[in-house]
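Taking it in order: structure first as structure tokens, then the write-up.
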Amino acid sequence: VVQTGSIFHGRHALSEFILRFYRDRLQLNDATDHARELSQLLADDTTVVFEMAHDGQLPHLGIARLVVKTWQLAQLVPRGAALYLVGDHYSADMRPENLYLGFPLLGLDTDHVKTPLTIQVGRRHRHIPFKWLPPPRAGTLDEEERLSWDRIVNNLAFHKELVRKDLDRDQLRARLSWCFNLLRESARRTKTFSDWLIRVQVLVFREMYGGYPPGLAVVPMSEAVEWVPDAFADLVSWQEPLAKVK
């Protein structure tokens with residue numbers, strides 16, 4: 001049940017947050033105009049906001065499809081915006097698969113590989129939510145790039161009957177390097193694992209579209225507590241009597 005007018009609660013706080021987030025935390029110096037446009041869209045009560053959410057992960061195909069489709073829907077209305085909330089309140093203990101790089105190996109998908117490639121956060125830090133965890137170190141990403149290329153080579157050999165004879169391995173290696181250069185640069189520019197994940201995704205969509213998609217905002221889910229504190233207080237008040245019943 002939504003009270004009259006309450007659906008707009010938090011919109012202006014979110015609008016103000018977008019400007020600071022893209023500039024100060026994501027360090028996207030070329031996104032000033034984009035962030036300003038997003039801020040204006042979200043502050044306007046006539047804007048229809050299409051919201052989606054996903055665990056904080058590097059952008060695999062399923063995430064890309066979710067975001068792209070939602071953004072396309074937002075483009076169909078006279079004034080629409082797509083708001084992508086990234087679940088940064090999880091830890092590696094809660095969602096270990098969120099650290100997967102997503103490489104299959106010798107015919108097995110990532111979920112069934114005995115030792116899936118993962119971004120290392122260290123055993124002592126596995127219980128820390130991504131919003132407080134530092135971004136990965138450059139040395140860690142260098143090693144992950146080496147291991148990733150090894151897996152690609154092994155997969156090509158395993159599927160040699162399916163691999164095109166004219167496959168350009170140098171081009172494949174260059175694409176992998178581009179991906180990891182993006183990961184390293186984003187790790188250098190951010191202060192938390194959460195912001196690192198989000199910055200990478202924002203730049204991947206910029207690469208896909210040749211520029212920042214208009215009306216697509218990517219933000220950390222944990223910040224919603226600051227945008228709509230009254231709504232979260234109401235949720236807590238509902239939980240208390242339910243807890244007594246149990």
Side-chain angles (χ1 to χ4, degrees), residues 11 14-15 17-19 21-23 25-44 46-90 95 97-104 109-111 117 119 130 148 171-172 174-183 185-187 189-190 193-224 227:
R11 289 276 287 268
L14 170 59
S15 169
F17 170 78
I18 284 284
L19 286 171
F21 182 62
Y22 273 63
R23 180 192 62 206
R25 284 171 51 177
L26 298 188
Q27 294 286 305
L28 293 170
N29 298 327
D30 64 338
T32 302
D33 291 341
H34 174 62
R36 187 176 294 112
E37 291 171 359
L38 290 175
S39 177
Q40 293 171 353
L41 265 177
L42 293 169
D44 186 348
T46 66
T47 300
V48 180
V49 179
F50 293 74
E51 179 267 330
M52 81 215 84
H54 199 282
D55 295 354
Q57 298 181 37
L58 292 175
H60 55 68
L61 182 59
I63 291 176
R65 291 169 61 188
L66 171 73
V67 176
V68 167
K69 189 60 182 178
T70 307
W71 178 72
Q72 288 178 338
L73 291 172
Q75 300 304 297
L76 297 177
V77 300
R79 190 168 178 82
L83 181 65
Y84 172 25
L85 296 165
V86 178
D88 62 332
H89 52 296
Y90 296 111
R95 293 284 194 276
E97 66 276 9
N98 286 4
L99 299 177
Y100 289 174
L101 282 175
F103 276 90
D109 61 66
T110 302
D111 292 334
L117 279 187
I119 301 296
F130 290 164
S148 297
Q171 185 183 59
L172 197 59
R175 289 177 178 174
L176 183 69
S177 294
W178 181 90
C179 292
F180 273 91
N181 286 338
L182 173 62
L183 299 184
E185 174 66 10
S186 292
R189 294 273 186 174
T190 54
F193 199 92
S194 165
D195 289 355
W196 172 70
L197 285 173
I198 293 174
R199 190 180 195 275
V200 168
Q201 298 196 59
V202 169
L203 292 179
V204 165
F205 289 113
R206 185 189 70 176
E207 179 71 12
M208 285 175 58
Y209 288 99
Y212 296 104
L216 174 60
V218 188
V219 296
M221 190 183 295
S222 62
E223 294 291 341
W227 307 328

Original post:
Hey, are Thr190 and Asp195 close enough side-chain-wise for a donor-acceptor pair under 3.5 Å?
Top reply: no

Subject >> Exam field: side chain Ser186 to backbone Leu182, donor-acceptor pair closer than 3.5 Å >> reply: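 Yes.
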
Original post:
Are the side chain of Asp55 and the backbone N or O of Gln57 linked by a donor-acceptor pair below 3.5 Å?
Top reply: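 No: the side chain of Asp55 does not pair with the backbone of Gln57.
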
Measuring only between side-chain heavy atoms, which start at C-beta, is [X] closer than 4.5 Å to [Y]?
X	Y	result
Tyr22	Ser39	no
Leu58	Val204	no
Arg36	Leu19	yes
Arg79	Leu41	yes
His60	His54	yes
Ile198	Phe130	no
His34	Leu28	no
Tyr90	Met221	no

Subject >> Working for side chain to side chain contact (heavy atoms under 4.5 Å, CB included), residues Leu85 and Val219 >> reply: CA-CA 5 Å; Leu85 296 165; Val219 296; 3.3 Å; yes

Subject >> Identified side chain to side chain contact (heavy atoms under 4.5 Å, CB included) counterpart of Leu117 within the set Thr110, Leu99, Leu101 >> reply: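 Single pass found, and it is Leu101.
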
Subject >> Non-neighbouring partners of Ala82 that pass side-chain contact (heavy atoms from CB on, under 4.5 Å), sequence neighbours left out >> reply: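 Met52, Thr70, Trp71, Ala74, Leu216.
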
Subject >> Pairing residues for Glu37 by the side-chain contact (heavy atoms from CB on, under 4.5 Å) criterion, not counting sequence neighbours >> reply: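 Glu37 satisfies side-chain contact (heavy atoms from CB on, under 4.5 Å) with no residue once adjacent residues are dropped.
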
**OP:** For Phe50, enumerate each residue passing the ring-ring contact (aromatic ring centres under 6.0 Å, His included) test, keeping only those at least two apart in sequence or located in another chain.
**Re:** none

**OP:** Please name all residues satisfying ring-ring contact (aromatic ring centres under 6.0 Å, His included) with Phe180, sequence neighbours left out, ordered by chain then number.
**Re:** none

Subject >> Pairs flagged by salt bridge (Lys or Arg N to Asp or Glu O under 4.0 Å) wherever residues 200-211 is involved - sequence neighbours left out >> reply: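 Found Asp30-Arg206.
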
Original post:
Please, which pairs that meet salt bridge (Lys or Arg N to Asp or Glu O under 4.0 Å) have at least one residue in residues 64-73, sequence neighbours excluded?
Top reply: none

Original post:
Would Phe21 and Leu38 satisfy side chain to side chain contact (heavy atoms under 4.5 Å, CB included), going step by step from the backbone distance to the final call?
Top reply: CA-CA 12 Å; Phe21 182 62; Leu38 290 175; over 6 Å; no

